[in-house]
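Order of the sequence lines sets the chain letters (A, B, ...), proteins ahead of strands, with each chain counted from 1. Atoms considered below: every heavy atom in the structure, side chains included; atoms not considered: hydrogens, waters and symmetry mates.
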Amino acid sequence: MDMFLYMDLNTYVHRLDPRTKLLLMFLSFAVGVMYKNIVMLVAALVLVLIYGGMGHILSNLKRIKVVLIMITLFSVVIWSIAQSGETRFLIFTLEGVLYGIMIAIKTNLMIVAGMVFLSTTKIEEIAEGLVKIKVPYRGAFAFSTAIRLVPMIVATSYTIIQAQKSRGLDLESGSLFEKIKKYVPLMIPTLVSVIRGTNVFSMALESKGFGYSNNRSNFLQLKMSGHDYLMMLIGLTIVAAASYLKFDPTAYNTLINLFPWGDFA
Amino acid sequence: MKDVFAMWKNTKMVVLVALSAGLYAALLIPFKGFVLIPGITEIRPASALPVVLGLLFGPAGAWGAAIGNLIGDFFGSLGIGSLFGFVGNFMFAYVPYKLWINLGLVSKEDSEPDLKSGRKILAYVIVSILGSAACALPIAWGLELLGMVPFAALGSIITINNSVPSVFLGIPIMLILYPRIKKWDLLWTEIMDEEDIPVAGKLSKIGGIVMTISILVGLVGGFLAALGVGQGLLYSGFGAGGDVGTAGVILIAGIGTAGLIISAFIQSMPKKEA
């Protein structure tokens with residue numbers, strides 16, 4: 001099973017420089033943080049979905065659908081009870097439902113933007129992109145190595161679990177708490193076996209010249225193209241327009257008057 | 001905080017960052033479905049690790065916890081909260097190893113985190129709880145600042161969610177791992193160059209005290225301010241309503257967060273004995 005969201009396709013979004021995609025993700029976060037307005041947040045979410053659609057990765061929404069649904073249900077239920085309002089039915093308020101929807105869209109917008117970034121960008125591209133934006137190479141190396149280690153560590157723990165099962169350990173029976181109690185001791189061999197490799201790992205790295213020079217050469221060469229600048233320009237223009245709308249009282253009041261039910265600023 | 005940056009020139013410490021991050025992420029990911037606050041946090045048995053990693057691997061454990069949490073967020077919850085999560089989880093591992101000695105909880109003559117005495121176990125429990133609170137403070141403050149999640153609810157949930165595993169699971173893990181790590185010469189004080197391990201002084205003690213006060217003032221003061229504007233602790237924080245993003249909460253918790261970061265810079269650790 002592939003643990004990661006990345007989809008190996010050759011689309012316009014996949015070909016963009018990771019720095020461009022990183023910027024677009026942060027711009028999506030910025031709009032999400034800036035607004036407490038359902039209409040604006042929905043508009044931002046639609047734009048993110050169009051961007052994801054250009055990368056043909058929206059099928060990954062299925063993989064995070066549980067998270068998205070949970071966020072929506074939790075927000076709507078909790079805030080519909082918590083938020084005071086005039087339109088009440090039982091313990092819920094209509095204002096609370098709308099507020100919950102706004103919070104759900106805001107959170108889901110950021111998570112979908114993160115998903116689009118991860119679905120269209122390889123780990124090595126992220127690491128190299130971080131180096132290009134002046135994150136020290138060793139930090140980027142630790143980051144990309146850690147990501148690669150995750151499936152290996154999970155596989156190690158499965159092997160240990162299977163080995164213990166073959167010796168008669170019953171992990172299926174008992175309550176949830178009892179199951180957790182049985183799994184905890186299985187963590188230890190995983191931790192020990194992973195940490196034990198530290199000395200060999202560092203020797204292997206140094207034998208290949210790790211840290212010899214600060215000016216490293218890379219097989220992967222990142223270069224910004226016209227498409228990157230175009231996408232950056234579009235992203236920055238959208239955020240500039242959103243900022244103008246937010247901070248110009250006349251423009252913002254026009255928006256609120258159009259959809260008075262959707263604003264919570 | 002010199003050690004936090006100086007460690008990157010040591011290959012073994014870089015490897016320990018990667019391994020710590022990988023382990024933390026690998027233990028976080030299977031529990032992503034056990035949601036406490038959707039998109040923000042979930043049940044985290046993996047919280048047993050940062051304190052252990054911090055005490056054993058020092059700055060490498062702190063960077064590992066921060067990066068590991070970010071990688072965990074890649075599996076369905078990457079968002080603006082991940083930025084505060086990076087800082088919070090760094091502090092989750094960083095605060096315990098700094099306060100272990102600088103707060104005077106263990107004697108300077110026998111400061112190794114082997115948990116072989118009642119005093120050391122008590123010190124472990126105290127630094128675990130302070131580390132958990134230090135993780136909760138910047139995350140809850142950041143999301144309050146952005147008007148996303150009430151400070152009192154999120155701060156209390158994260159503190160408890162981190163404290164319980166780090167105390168109840170962390171102690172047995174530490175007892176089992178410490179002798180092996182010591183035998184393999186992987187304790188951070190054994191790996192790093194002597195000149196990169198900050199020298200003890202009055203400043204370290206002051207830094208430790210300022211760090212503790214900052215955590216307590218930021219979190220407890222933030223809770224009191226939040227309760228004053230109608231928020232509630234734990235899940236009642238969502239039921240209570242109250243304003244999210246109020247100036248008082250942001251100011252008090254912000255002062256605590258700033259104090260936490262500043263105290264990290266002014267702290268030092270004892271020089272390794274020859």
Side-chain angles (χ1 to χ4, degrees), chain A residues 3-5 25 29 32-33 36 63-64 66-67 70-75 78-79 81-84 103 106-108 110-111 113-115 117-118 136 138-139 141-143 145-150 152-154 157 180 184 187-188 190-192 194-199 201-202 205-206 210-211, chain B residues 8-12 14-27 29-30 32-33 35 37-40 45 48-49 56 63-64 67-68 70-71 73-83 146-149 169 172-173 176-177 180-181 184-186 235 237-242:
Chain A
M3 291 179 68
F4 298 104
L5 289 170
M25 182 180 74
F29 290 175
V33 168
K36 280 189 169 183
R63 291 181 63 182
I64 61 164
V66 176
V67 176
M70 287 281 285
I71 288 169
T72 309
L73 284 177
F74 184 92
S75 299
I78 288 288
W79 289 112
I81 298 168
Q83 198 79 352
S84 56
I103 292 287
K106 187 193 267 271
T107 314
N108 285 342
M110 295 184 200
I111 287 172
M115 182 211 78
F117 173 70
L118 294 172
R138 283 166 177 253
F141 171 83
F143 169 76
T145 306
I147 293 182
R148 282 170 220 283
L149 281 172
V150 172
M152 193 201 83
I153 293 167
V154 172
S157 63
I180 291 172
V184 168
M187 278 167 57
I188 302 294
T190 311
L191 290 171
V192 170
V194 171
I195 295 169
R196 191 167 47 190
T198 307
N199 286 323
F201 195 164
S202 32
L205 282 175
E206 285 183 347
F210 182 78
Chain B
W8 287 104
K9 68 184 181 193
N10 190 309
T11 306
K12 212 179 269 187
V14 176
V15 170
L16 282 174
V17 172
L19 292 177
S20 303
L23 280 169
Y24 191 34
L27 205 52
I29 293 161
K32 280 280 164 190
V35 175
I37 304 174
I40 307 292
L49 287 184
L56 295 175
W63 285 113
I67 295 171
L70 184 64
I71 294 170
D73 283 356
F74 279 14
F75 292 81
S77 55
L78 184 68
I80 191 79
S82 304
L83 296 176
L146 299 177
M148 288 178 70
V149 186
L169 296 178
I173 291 173
I176 293 168
L177 278 188
R180 288 161 177 82
I181 303 297
W184 296 333
D185 293 328
L186 290 177
Y235 278 97
F238 294 96

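For B:Asn10, the part sitting under 4.5 Å from any heavy atom of chain A is the backbone (N, CA, C, O) and nothing else. Contacts of B:Ile67 with chain A are made by side-chain atoms alone, with heavy-atom separations under 4.5 Å and no backbone atom involved. With a 4.5 angstrom heavy-atom cutoff, B:Leu186 touches chain A only via side-chain atoms. Contacts between A:Leu205 and chain B at a heavy-atom distance below 4.5 Å involve the side chain alone, from C-beta outward. The part of A:Ile188 that comes within reach of chain B is its side chain, from C-beta onward, which places non-hydrogen atoms under 4.5 angstrom from that chain. Contacts between B:Ile176 and chain A at a heavy-atom distance below 4.5 Å involve the side chain alone, from C-beta outward. Contact annotation for A:Phe29: only side-chain heavy atoms (C-beta onward) come within less than 4.5 Å of a heavy atom of chain B. Looking at A:Ile103, the atoms closer than 4.5 Å to chain B (heavy atoms on both sides) all sit in the side chain, from C-beta outward. With a threshold of 4.5 angstrom between heavy atoms, A:Arg196 approaches chain B through its backbone and through its side chain. Contacts of A:Met187 with chain B are made by side-chain atoms alone, with heavy-atom separations under 4.5 Å and no backbone atom involved.
Side-chain contact between B:Val17 and B:Trp8 is present, with at least one heavy-atom pair separated by less than 4.5 Å. Between A:Val66 and A:Met70 the shortest side-chain heavy-atom distance falls below 4.5 Å.
The candidate with the highest count of non-hydrogen atom pairs below 4.5 Å against chain B, out of A:Ile153, A:Thr198, A:Leu149, is A:Thr198. When each of B:Leu177, B:Leu19, B:Ile181, B:Leu49 is checked for heavy-atom pairs under 4.5 Å with chain A, B:Leu19 comes out on top. Of the listed residues A:Val194, A:Asn108, A:Thr190, the one with more heavy-atom pairs under 4.5 angstrom with chain B than any other is A:Val194. Most heavy-atom pairs under 4.5 Å with chain B, from the set A:Gly32, A:Ala113, A:Pro136, A:Gly139: that is A:Gly139.
A:Phe201 pairs by the ring pair (Phe, Tyr, Trp, His ring centres under 6.0 Å) definition with nothing, not counting sequence neighbours. With sequence neighbours left out, B:Leu83 forms a side-chain contact (heavy atoms from CB on, under 4.5 Å) with A:Phe26, B:Ile80.
Nearest heavy atom pair, residue B:Leu70 against residue B:Ser82, reads CD1-CB, 4.0 Å. Considering every non-hydrogen atom in both B:Gly64 and B:Ser20, the closest pair reads CA-CB, 3.9 Å. Shortest non-hydrogen contact noted between A:Met25 and A:Gly114 is SD-CA, 3.8 Å.
When atom types are taken as modelled, the side chain of A:Ser75 and the backbone of A:Thr72 share no donor-acceptor pair closer than 3.5 angstrom.
Residue A:Ile195 holds its CD1 atom at 8.0 Å from CG of B:Leu16, rounded to the nearest 0.5 Å.
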